[in-house]
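To find a chain, count down the sequence lines: A is the first, B the second, and so on, and within it residues start at 1. No experiment lies behind these values; they were computed from the predicted model shown.
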Amino acid sequence: MKLQLVKQAAGELPDFLKGLNPEQLKAAATTEGPLLIIAGAGSGKTRVVTFRIAYLLDKGIAPYNILALTFTNKAAHEMKERIATMVGDSTSSKVWAGTFHSIFARILRSEAEHLGYSPSFSIYDSDDSLSIVRAVMNTLGVSQQQVPPQGVRSRISSAKNQMIGWQRYAAEAGNILEKQTGQIYEEYEKRLRLNNAMDFDDLLINIINLFRNFPEILKKYQDRFRYIHVDEYQDTNRAQYMAIKMLAAGQHGNLCVVGDDAQSIYKWRGADIRNILDFQNDYPDAAVVRLEQNYRSTKTILSAADDVIGNNRKQLAKKLWTDNPQGAKISVLPARDDREEADMILKAVRSEMNENFLAPKDFAILYRTNAQSQALEDSLRRAAVPYTIVGGVSFYKRKEVKDTVAYLRLLVNPNDSESLLRVINEPPRGIGATSIQHIRTFADERNISLFEAFAHANEITTIQKRAAVAAQTFTQMVQRFIDIKDDIPPTELAVSFMEATGLLRMLKDENTEESLDRWNNVQRLLSNIAEMTAREENPSLEAFLQQIALVSDTDEADTTKNRVALMTMHAAKGLEFPVVFIAGMEQGLFPMGRAENNAEETEEERRLFYVGITRARQKLYLSHAERRFRFGELVFSQPSRFVGEIRQELLEVKAGTMSFQQRQAPPKQQVDFKAPRQPFFDEIPKDDFISQVPPKQPKLRVGIKVKHAQFGVGTVQGLSGEGSKAQAVVYFPTFGKKHLMLEYAKLQVMG
DNA sequence: ATCCGTGAGCTTTTT
DNA sequence: GCTCACGGAT
């Protein structure tokens, strides 16, 4: 009966939908009204959503009537690409597909004036917002020693995600800490406003404010977005939930959400799993489709995932199954320490490559924290196995890149005082903290922006003439570029502006390996602008800045290259690999220490493990170390309880130097912390070690070559003073003559 | 203003 | 083990 219905429907459906299974087909073809797709790991979720959109287009729905919201740029790109292969580039590119933040930023930019922002508002990332919190704390006289700024920032952010403004936050503040946070919150918000800037949270909140206060604008977007898709719905927070609800409340309101409650791993960032659990309450007439057939993994891997997630309580009913073969058992690799763990993984990679004809790109090594990548990298590098780190320290977080971005922001948004302060002494312009303080007071008194105050520095009696001249010279330089901003192409503008700032010159003149690296990074950013100019229809510096504010390195990871991928399990969501390693399966690390005694957090960690397991198609390895370096200290730990949640017959322990059984049975000899420690790694013989300690005072003479940490190699030209007053005059080819205090400057005598 | 050493905090995870 | 703010010294 049901099958017949499907068949009937299928008769009218375009051919390309025929490759779908009945559930997938239902999900793709139910285009009207609210729809909840509960999509288990590896059940073809992305495929279904892209087919659904292709189907809508095929039915004649205009591409700009379709909205698809994702969490990462990567997911959005992938979706667009897949749609493009089905309907062509020109149609696909008109579909509104992007991250919450980028789509909302785009809308906000065209509606900015309604909310009192200018369209060229700056977008602050979490580092920027942290430094504003710090600055605010300084002006309010709150000690950063007593109140960690990081904590303040996260309290503010989580308040914003729950749409609690500073007024309400302050009113409801119970303890001193909250009252203090409330004050900082207020000042923080005011400063962002003055700077014509939004943080990530504002991009969501301001959309809601816009829709709330301007019904006609809301209606415009409700009419535009007739078909709304939300990916990873389980990860939406309160604000995202509200925004979606408002958009879908219009006369069209065809809302399709896709998610898997078992893969909710962003609670810490404000994700509210209730949003998906309660979808059917919010939309009583919602259709529900469960995608339960897994096309990705072996039976073994799926059973393990099932064993693990079964220990969580709150779940939507679903049962994943697969037609795939049973597959190999899951290997457990017990190691003595993190280095041995890395070596065991390396060994396994090599033998898998040889035995199963796999290439580096078929492997992923996943871990809980980025810090774990170090040992793994070392191992792979030594063995010359090509690898790539996904995520990690972002290109856009490097100082010189942030400085360049700040310069460019200043160009499009001179009100952006944070950016001004960031770059004012980069290169040094002789405007010190005291002068800046006075200029700031001047700005506050006249209620003008810091930039304007800088421009009128000559009227400020409290600062030195030299500083005033420097301040004005700087603003005049920036102003010259602001004046021609719209008359010349963005790339040309950016390049000549950056030349004029002196930043490039400074880096070049420093002429060290690091500074040339930095110079290159600035150039790379500039060439990104050129790239965008070539790609976009009407390129602008504003658009470029908005775009880079919202991309992460995870999005840029080049998976096309044939390399072993290293990343956190969070970064791995949505990906799949034939062979997956999960490293660091230890109590205190995974689950994290703080989660161990907290049921909810343990459940979230468990979901993260579930995500990790289900990335694997054919083979899964779990490794753990008995001890590892954390915070520069050797830490001992037990194997993770999560490993024990997988039924024994699915596991196979690869004996390392010690067998798993030995450590699982209560060891006869508990590790005695007072006992002399086992030699760790290849211990350095004592004599060698001592000989490496440099003598307290290097024996310097005139004419000898020395090495300085910053200036490099130079020649000693003179010596003076004794004991703590001892000084040397050293000539460095690239830096010239330097007077150095021997007590501080650690000079190495060159052999 | 700039350079250096010190000590605290950091490691969850990201748009 | 690393990074960053801070303080002391020049």
* **ring pair (Phe, Tyr, Trp, His ring centres under 6.0 Å) pairs, two or more places apart, involving residues 122-164 of chain A** => none
* Asked: When you check the phosphate oxygens OP1 and OP2 of B:dT15, does a side-chain N or O of A:N73 lie under 4.0 Å from one of them?
  -> no
* **Rounded distance (Å) that lies between atom C1' of B:dT14 and atom NZ of A:K74** => 12 Å
* Asked: NA contact type, A:F200, heavy-atom cut-off 4.0 Å: base, sugar-phosphate, or nothing?
  -> base
* Residue closer to the 5' end of DNA chain B, A:N425 versus A:Q150 (nearest nucleotide) -> A:N425
* Asked: Can you tell me how far C1' of B:dT15 sits from CG of A:N161, to the nearest Å?
  -> 10 Å
* Sugar-phosphate, base or nothing in reach of A:S102, heavy atoms under 4.0 Å -> nothing
* To do: Under 4.0 Å between any heavy atoms, over every strand shown, what does A:F590 touch: base, sugar-phosphate, or nothing? Just pick one.
  => nothing
* Asked: Roughly how many Å is it from CD in A:Q263 to C1' in B:dT13, rounded to a whole number?
  -> 15 Å
* **Candidates B:dT2, B:dT15, C:dA5 - which lies nearest the side chain of A:P428** => B:dT2
* To do: Return the value, rounded to whole Å, for the distance between atom CG of A:N206 and atom P of B:dT15.
  => 20 Å
* **Inter-nucleotide C1' distance (B:dT11, C:dC6), Å rounded** => 23 Å
* Structure fact -> Separation of B:dT14 atom P from A:H570 atom NE2, nearest Å, is 7 Å
* Structure fact -> Assign each of A:P148 and A:S126 the nucleotide of DNA chain B bearing its closest heavy atom; nearer the 5' end lies the nucleotide of A:P148
* So with a 6.0 Å cut-off around CZ of A:R382, is the heavy-atom count from everything else above 12? -> yes
* Structure fact -> Rounded to whole Å, CD of A:E605 lies from C1' of B:dT11 at a distance of 12 Å
* To do: For the side chain of A:M592, starting at C-beta, report the closest nucleotide among B:dT15, B:dT11, C:dA5.
  => B:dT11
* Quickly work out the A:D125 CG to B:dT14 C1' distance and round it to whole Å. => 11 Å
* Looking across every strand, which nucleic acid part, if any, lies under 4.0 Å from A:L366 by heavy atom: base, sugar-phosphate, or nothing? -> nothing
* Could I get the full list of side-chain hydrogen bond (donor to acceptor under 3.5 Å, both in side chains) partners for A:R106, not counting sequence neighbours? => none
* Return no unless some side-chain N or O of A:S131 is found under 4.0 Å from OP1 or OP2 of C:dC4. => no
* Expressed in angstrom and rounded to an integer, what is the separation of A:D199 atom CG from B:dT15 atom P? -> 15 Å
* Are the ring of A:F100 and the six-membered base ring of B:dT15 within the stacking cut-offs of under 5.5 Å and under 30°? -> no
* Asked: Can you tell me if A:N275 and A:T236 form a side-chain donor-acceptor pair at under 3.5 Å?
  -> yes
* Which word best sums up how the rings of A:F104 and A:F100 line up, parallel for under 30°, tilted for 30 to 60°, or perpendicular for over 60°? -> perpendicular
* Relative to the ring of A:F609, is the ring of A:F642 parallel (under 30°), tilted (30 to 60°) or perpendicular (over 60°)? -> parallel
* Nucleotide nearest A:W268 (side chain, heavy atoms from C-beta), chosen from B:dT13, B:dT15, C:dA5 -> B:dT13
